[in-house]
Amino acid sequence: MRIGILGTGTLATALATAWTRAGHDISIGGRSPERTEAAATASGARARRLPEISANADVVLLSVHWEGIAEILTAAGAPAGSLVGKALIDPTNAVEHGIGVLRTEPGRAIAQHVAELAPGAHVVKAFHLFPSTRWTTPGSEPATVAMCGDDPRSLELVGSLVRDVGGVPAVVGGLDRARQLEEAAGFVIALAFAGVDPQSAIPAVP
Ligand SMILES: NC(=O)c1ccc[n+]([C@@H]2O[C@H](COP(=O)([O-])OP(=O)(O)OC[C@H]3O[C@@H](n4cnc5c(N)ncnc54)[C@H](OP(=O)(O)O)[C@@H]3O)[C@@H](O)[C@H]2O)c1
């Protein structure tokens with residue numbers, strides 16, 4: 001698959017590395033040419049300028065800090081339609097670190113904001129719950145990747161990319177469930193910062 005990655009940070013580099021290992025064709029780019037080159041070298045991906053990423057991708061991963069979402073989507077031409085018909089993976093957490101409170105207004109998901117900035121793209125919320133290291137050093141048990149989105153074909157594509165990095169996709173519903181998935185990340189982050197293993201706070205359901 002041709003995968004475009006917007007962002008050059010920790011998660012962008014980890015998934016670029018894991019998908020490169022799985023045999024995909026990865027393009028990566030961010031606002032800094034130096035950090036783009038470094039991320040490409042570290043992951044085995046191809047460095048590209050932001051306006052060229054979408055034209056060379058069937059699926060795009062948006063992997064930036066939530067404050068940079070509008071800037072990078074605009075630089076990639078998304079508001080002008082560059083992502084029409086493409087799957088757009090949103091792993092972002094608009095969460096106050098330390099306390100785990102969402103920065104979006106009540107009832108609203110950052111994924112909905114992403115969908116508005118990328119008209120025509122098929123947004124899939126996924127990969128926002130596990131630390132990036134999980135995809136480069138998989139554990140003994142496969143990670144369940146809870147995800148949601150409105151386009152069945154895009155959910156299928158992203159599901160196959162989840163399997164490629166050792167995960168198991170679990171679709172919980174349409175993009176209207178994104179707020180719930182984002183709150184789940186806030187819950188996990190809040191417990192982790194409180195020194196509690198989040199897994200110990202969830203009942204085992206056979
Ligand atoms: N790391 C993880 O384990 C993990 C796991 C799940 C989800 N996530 C989510 O994935 C996203 C990326 O996290 P990360 O850990 O990879 O972060 P990171 O290593 O700090 O990298 C952040 C990326 O966002 C860009 N960025 C930051 N502020 C920006 C702004 N105002 N305008 C434009 N670009 C900006 C950075 O560009 P510059 O380098 O140019 O500053 C960089 O490409 C976040 O939304 C995070 O919540 C991360």
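Atoms within each ligand, like the ligands themselves, are counted from 1 in listed order.
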query = Can you check whether Leu11 has an N/O within less than 3.5 Å of an N/O in ligand 1?
reply = yes
- Ser32 N/O under 3.5 Å from ligand 1 N/O: no
Any side-chain to backbone donor/acceptor pair from [X] onto [Y]? Under 3.5 Å, distance only.
| X | Y | answer |
| --- | --- | --- |
| Arg179 | Arg108 | yes |
| Arg177 | Val172 | yes |
| Asp58 | Arg2 | yes |

- Would the number of heavy atoms belonging to other residues, nucleotides or ligands and lying under 6.0 Å from CD of Glu105 be above 12? yes
* How about Glu67: does its CD atom have over 12 heavy atoms from other parts shown lying under 6.0 Å from it? -> yes
Closest approach of [X] and [Y], non-hydrogen atoms and distance?
| X | Y | value |
| --- | --- | --- |
| His128 | Thr92 | CB-O, 4.3 Å |
| Ser54 | Ala76 | OG-O, 3.7 Å |
| Thr8 | Gly29 | CG2-C, 3.8 Å |
| Val158 | Ala126 | CG1-CB, 4.2 Å |
| Pro91 | Phe127 | CB-O, 3.6 Å |

Side chain to side chain donor-acceptor pair (under 3.5 Å) test vs Ser27 passes for just one of Arg46, Arg49, Arg48, namely Arg48
Among Gly9, Ala38, Ala94, the residue with a heavy atom nearest to atom 42 (C) of ligand 1 is Gly9
Closest to atom 34 (N) of ligand 1 by heavy-atom distance, out of Arg31, Glu34, Arg134, Glu182, is Arg31
Identity and distance of the protein heavy atom lying nearest [atom]:
| atom | result |
| --- | --- |
| atom 17 (O) of ligand 1 | Thr10 N, 4.4 Å |
| atom 3 (O) of ligand 1 | Ser132 N, 2.8 Å |
| atom 46 (C) of ligand 1 | Asn93 N, 4.1 Å |
| atom 9 (C) of ligand 1 | Pro91 O, 3.4 Å |
| atom 45 (O) of ligand 1 | Val64 O, 2.8 Å |
| atom 5 (C) of ligand 1 | Phe130 O, 3.2 Å |
| atom 24 (O) of ligand 1 | His65 N, 3.1 Å |

Atoms of ligand 1 close to [X] [distance to a heavy atom under 4.0 angstrom, numbered from 1]:
| X | result |
| --- | --- |
| His128 | 6 (C), 7 (C) |
| Thr92 | 45 (O) |
| Gly7 | 43 (O) |
| Pro131 | 3 (O) |
| Arg35 | 38 (P), 39 (O), 40 (O), 41 (O) |
| Phe127 | 6 (C), 7 (C) |

Short version for Glu71: what comes under 4.0 Å of ligand 1, heavy atoms counted, is side chain
- prompt: Is the closest heavy atom of Thr8 to ligand 1 under 4.0 Å?
  reply: yes
Within the structure, does at least one protein heavy atom fall under 4.0 Å of atom 31 (N) of ligand 1? yes
Is there a protein heavy atom at a distance of less than 4.0 Å from atom 7 (C) of ligand 1? yes
Exercise. Can you find a pair of side-chain heavy atoms, one from Ile99 and one from Phe193, that are under 4.5 Å apart?
Worked result: no
Worksheet item: When you check the side-chain N and O atoms of Asp197 and Ser200, is any donor under 3.5 Å from an acceptor?
Response: no
